Amino acid sequence: RPTCATGRTWSSLGANTIPVGAGTRETSRRRSRLTAAVDWATRALSPRRPVAEVTESECRIVDLADVFDGYTVVALGDFHHRQPWTDVRWLRHAVDASNDRGPDIVVLLGDYGSSFKRVRSLSRRWYRAGLAAMTPELVRLRATDGIFAVLGNHDYYAGADLVRGWLSDIGAEVLVNESRHIVRAGQMLRLAGIDDVGEGSPDPWVGCDPSELSPTIALSHNPDAIERLDRRLRVDAMLAGHTHGGQIVLPWLGAPLTMSRVCKRTAAHGWIPNRRAPLYVTRGLGEQLPLPIRLGCRPEILVLRLRAWG
């Protein structure tokens with residue numbers, strides 16, 4: 001039978017007797033014990049995160065202005081920073097690798113910490129610690145035309161406002177159903193960020209003027225957003241994350257779990273076949289609890305160069 005804080009059973013106190021504050025104190029203690037247990041397990045069971053490999057790719061775009069030929073985009077996604085907070089070797093490597101490529105823009109594709117949908121208070125506490133630990137490295141990112149970011153589902157679990165404020169503090173411009181123009185020599189390249197498919201409110205127009213026909217790169221955390229785009233909107237490529245490349249990829253079988261409709265077992269990362277627009281899904285930098293391991297699927301830094309075609 002349920003026991004109150006004094007050790008007596010509820011039935012022994014009488015049907016109409018409720019010890020004042022007992023349930024609250026017991027719930028608080030249980031929550032504290034659970035939090036401590038989860039923190040301990042995370043530190044004890046999480047292997048050291050490997051550094052990411054760099055993938056270089058190109059995207060050909062019809063009528064891309066010559067001034068944008070060779071334009072370099074570095075994409076970093078799915079950071080999922082976790083305990084031990086001080087282990088940022090993997091992130092330092094990612095920032096150094098990005099800076100070494102001299103990118104024109106850097107795009108951050110969401111899920112910056114570790115969180116759980118049904119444990120919001122713990123998720124927010126973890127996020128605060130994780131974001132603070134990553135800040136000294138991420139403020140070193142350099143890009144000619146700036147750093148842009150979108151939000152992922154785990155960012156919403158911990159608090160979208162918290163994450164947006166942090167992204168702004170590290171120098172990133174957050175695009176949630178918004179677009180920005182990059183102008184060179186009078187020519188334009190449009191960058192559009194869509195809200196998360198699962199937890200946000202994705203706009204089929206991504207904040208774009210539908211009458212404009214500038215070359216457009218779309219950013220999304222979840223690759224399934226490719227199916228949400230209005231077909232009248234010009235999109236030359238979309239960059240996304242979310243799947244971690246499957247995180248665990250088995251020989252012959254592929255990825256048992258992709259968390260995406262458009263990404264299949266044998267196509268959980270890279271250029272993903274679809275009917276809408278070229279879609280690249282990165283493997284990301286981290287792993288999500290409760291299974292903080294990768295198998296047959298190394299973390300990835302994407303370096304994408306745009307090429308004029310036709």
Side-chain angles (χ1 to χ4, degrees), residues 55 57 59 75-80 107-112 114-118 149-158 160 175-179 191-208 216-291 293-300 302 304:
T55 298
S57 189
C59 180
L76 306 174
D78 295 288
F79 297 72
H80 288 295
V107 298
L108 310 178
L109 299 176
D111 278 9
Y112 303 98
S114 293
S115 63
F116 299 94
K117 187 171 185 175
R118 291 175 176 81
V150 294
L151 300 179
N153 54 306
H154 283 274
D155 304 322
Y156 276 96
Y157 302 158
L175 299 179
V176 177
N177 296 329
E178 296 175 271
S179 63
L191 193 66
I194 192 168
D195 203 0
D196 182 63
V197 169
E199 300 299 321
S201 302
D203 171 17
W205 291 104
V206 205
C208 295
T216 302
I217 305 298
L219 309 176
S220 173
H221 173 67
N222 192 318
D224 291 346
I226 195 77
E227 300 178 331
R228 302 291 188 94
L229 300 176
D230 192 290
R231 291 199 167 272
R232 292 166 291 179
L233 177 67
R234 175 173 180 171
V235 175
D236 296 277
M238 175 179 275
L239 305 181
H242 186 61
T243 70
H244 305 179
Q247 193 167 308
I248 295 177
V249 179
L250 305 175
W252 302 293
L253 295 177
L257 190 65
T258 67
M259 305 299 288
S260 165
R261 289 187 302 273
V262 298
C263 294
K264 311 303 182 184
R265 284 190 302 105
T266 56
H269 64 89
W271 291 107
I272 304 299
N274 71 94
R275 297 180 179 180
R276 179 59 178 88
L279 168 64
Y280 194 101
V281 177
T282 77
R283 299 193 296 273
L285 297 172
E287 319 80 30
Q288 170 60 15
L289 299 172
L291 197 61
I293 62 172
R294 284 181 178 263
L295 182 63
C297 183
R298 283 191 61 185
E300 177 182 42
L302 171 66
L304 180 68

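Just so you know, these numbers come straight off a predicted model, no measurement behind them. Basis for what follows: all heavy atoms, side chains included, without hydrogens, waters or symmetry-related copies.
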State, yes or no, whether a side-chain contact exists between E199 and K117 at a heavy-atom distance under 4.5 Å. yes

Find out whether L285 and H80 are in side-chain contact, i.e. whether some heavy atom of one side chain is under 4.5 Å from a heavy atom of the other. no

Close side-chain approach of S114 and Q288, heavy atoms under 4.5 Å: yes

For V150 and S220, which heavy atoms make the closest approach, and how far apart are they? CG2-C, 4.1 Å

Which heavy atom in S201 sits nearest to a heavy atom in D195, and how many Å separate them? N-OD2, 2.8 Å

Could you tell me the separation between the CG atom of L175 and the CG atom of L108, rounded to the nearest 0.5 Å? 10.5 Å

Which residues satisfy the ring pair (Phe, Tyr, Trp, His ring centres under 6.0 Å) test with Y157, sequence neighbours excluded? H154

Under the side-chain contact (heavy atoms from CB on, under 4.5 Å) rule, collect the residues that match up with D203, sequence neighbours excluded. N177, W205

R275: which residues meet the salt bridge (Lys or Arg N to Asp or Glu O under 4.0 Å) condition with it, sequence neighbours left out? none

Any donor-acceptor pair under 3.5 Å linking the side chain of D236 with the backbone of T216? yes

Hey, mind stepping through T55 and E300 against side chain to side chain donor-acceptor pair (under 3.5 Å) and telling me if it holds? CA-CA 7 Å; T55 298; E300 177 182 42; 2.7 Å; yes

Side chain proximity check, I272 to P223, heavy atoms < 4.5 angstrom: no

Separation of R283 CZ from D78 CG (nearest 0.5 Å): 12.0 Å

Over all atoms of both residues, closest heavy-atom pair of V281 and G241: CG1-O, 3.5 Å

Using side-chain heavy atoms (C-beta onward) and a distance below 4.5 Å, is Y280 in contact with L304? no

Find the distance between CG (L109) and NE2 (H242) and round it off to the nearest 0.5 Å. 12.5 Å

With side-chain contact (heavy atoms from CB on, under 4.5 Å) as the criterion, how do I194 and V206 come out once you've worked through the C-alpha distance, each side chain's angles and the decisive distance to 0.1 Å? CA-CA 5 Å; I194 192 168; V206 205; 3.9 Å; yes

4.5 Å side-chain heavy-atom contact, C297 and H244: no

Taking side-chain contact (heavy atoms from CB on, under 4.5 Å) as the test, write out the residues that go with V235, two or more places apart. A218, L229, L233, R276, A277

Is there a donor-acceptor pair closer than 3.5 Å between any side-chain N or O of D155 and the backbone N or O of Y112? yes

Side chain to side chain donor-acceptor pair (under 3.5 Å) contacts touching residues 254-273 (sequence neighbours left out): S57-W271, D224-S260, E227-R261

Which residues pass the side-chain contact (heavy atoms from CB on, under 4.5 Å) test with L250, not counting sequence neighbours? I248, L253, P256, L295

Could you check whether any side-chain N or O of Q247 sits under 3.5 Å from a backbone N or O of I293, counting only pairs where one atom can act as donor and the other as acceptor? yes

Shortest non-hydrogen separation from A268 to C263 and the atoms involved: CA-CB, 4.0 Å

Could you give the distance from CG (N274) to CD1 (I226), rounded to the nearest 0.5 Å? 5.0 Å

Shortest non-hydrogen contact between G207 and S179, atoms and distance: O-OG, 3.3 Å

